[in-house]
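First comes the structure, then the notes that go with it.
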Amino acid sequence: MVSDQIPGIDPAAAPSGDGCAECLVGDGWWLHLRRCAACGHIGCCDSSPAQHATKHARAAGHPFLTSFEPGEDWFWNVDTQQYYDGPRLLPPTSRPDSQPTPGPSGKVPADWQRYLH
């Protein structure tokens with residue numbers, strides 16, 4: 001679906017930070033990052049151990065997530081399980097190069113692959 005105006009997507013919502021909000025304050029880590037298209041919350045992807053982005057989307061009633069990875073610009077609706085093309089969002093549109101994948105630095109276990117979903 002292509003649209004410049006999709007209910008539930010706010011192009012002016014700024015990202016909450018440069019990494020998963022919950023993992024950064026706890027002892028979690030992520031494989032990839034996702035951004036809530038309604039409020040800008042940054043969470044970890046569904047392959048990550050904690051799956052914070054989808055948990056946020058469901059708890060907040062904000063169904064649209066977008067990638068927060070460099071070079072990716074898709075939108076995903078967690079309710080309908082469909083991809084969308086959406087509007088440009090307020091920058092930054094991806095994690096900074098200094099934020100590794102997996103990340104964050106110092107929190108990723110050596111055997112991180114065994115914890116992926």
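Just so we're clear, the structure is a prediction, and the values are computed from it rather than from any experiment.
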Apply side-chain hydrogen bond (donor to acceptor under 3.5 Å, both in side chains) to R114 and list each qualifying residue two or more places apart in sequence or on a separate chain. D111
Would you call L65 and V78 a side-chain contact if the rule is heavy atoms closer than 4.5 Å? yes
Any ring-ring contact (aromatic ring centres under 6.0 Å, His included) involving residues 87-117? Give me the pairs, sequence neighbours left out, ordered by first then second residue. none
List the residues meeting ring-ring contact (aromatic ring centres under 6.0 Å, His included) with H32, not counting sequence neighbours, and say none if there are none. none
When clusters are formed by joining ILVMFWY residues with side-chain heavy atoms under 4.5 Å apart, either directly or through shared neighbours, do L33 and V108 land in the same one? no
Residue set satisfying side-chain hydrogen bond (donor to acceptor under 3.5 Å, both in side chains) with R35, at least two apart, ordered chain then number -> none
Return the set of residues passing side chain to side chain contact (heavy atoms under 4.5 Å, CB included) with P7 (not counting sequence neighbours), or none when no residue passes. none
Could you tell me whether the side chain of K55 and the main chain of A50 form a donor-acceptor pair under 3.5 Å? yes
Linked, directly or transitively: W76 and F68 (ILVMFWY side chains, under 4.5 Å): no
Measure the spacing between CD1 of I42 and OG of S94 and express it to the nearest 0.5 Å. 9.5 Å
Residues at least two apart in sequence or cross-chain that pass side chain to side chain contact (heavy atoms under 4.5 Å, CB included) with Q113, listed by chain then number, are none
Note: D97 and P70 closest approach over all heavy atoms is OD1-CG, 4.5 Å
Side-chain (E69) to main-chain (R95) donor-acceptor, under 3.5 angstrom: no
Could you give me the CA-CA distance, side-chain angles and deciding distance for I9 and T66, then say whether side chain to side chain contact (heavy atoms under 4.5 Å, CB included) is met? CA-CA 10 Å; I9 295 178; T66 187; over 6 Å; no
State whether the side chain of K107 and the backbone N or O of W30 hold a donor-acceptor pair below 3.5 Å, judged by distance alone. no
By side-chain hydrogen bond (donor to acceptor under 3.5 Å, both in side chains), which residues pair with H52, not counting sequence neighbours? none
Enumerate the residue pairs fulfilling side-chain hydrogen bond (donor to acceptor under 3.5 Å, both in side chains) with a member in residues 20-29, sequence neighbours excluded, ordered by first and then second residue. E22-H41
Quick one: side chain to side chain contact (heavy atoms under 4.5 Å, CB included) partners of S47, sequence neighbours excluded? L31, C45
To the nearest 0.5 Å, what is the distance between NE2 (H62) and SG (C36)? 5.5 Å
The criterion is side chain to side chain contact (heavy atoms under 4.5 Å, CB included); which residues satisfy it with D79, sequence neighbours excluded? P63, N77
Testing the basics here: between A13 and A38, what is the closest heavy-atom pair and its distance to 0.1 Å? CB-O, 3.6 Å
Nearest heavy-atom neighbours spanning S105 and Q99: N-OE1, 4.5 Å
How would you list, by chain and number, every residue that makes a ring-ring contact (aromatic ring centres under 6.0 Å, His included) with W74, sequence neighbours excluded? Y83
According to side-chain hydrogen bond (donor to acceptor under 3.5 Å, both in side chains), who are the partners of D46, at least two apart in sequence or on a separate chain? T54
Rounded to the nearest 0.5 angstrom, the CD-CZ distance for Q82 and F75 is 15.0 Å
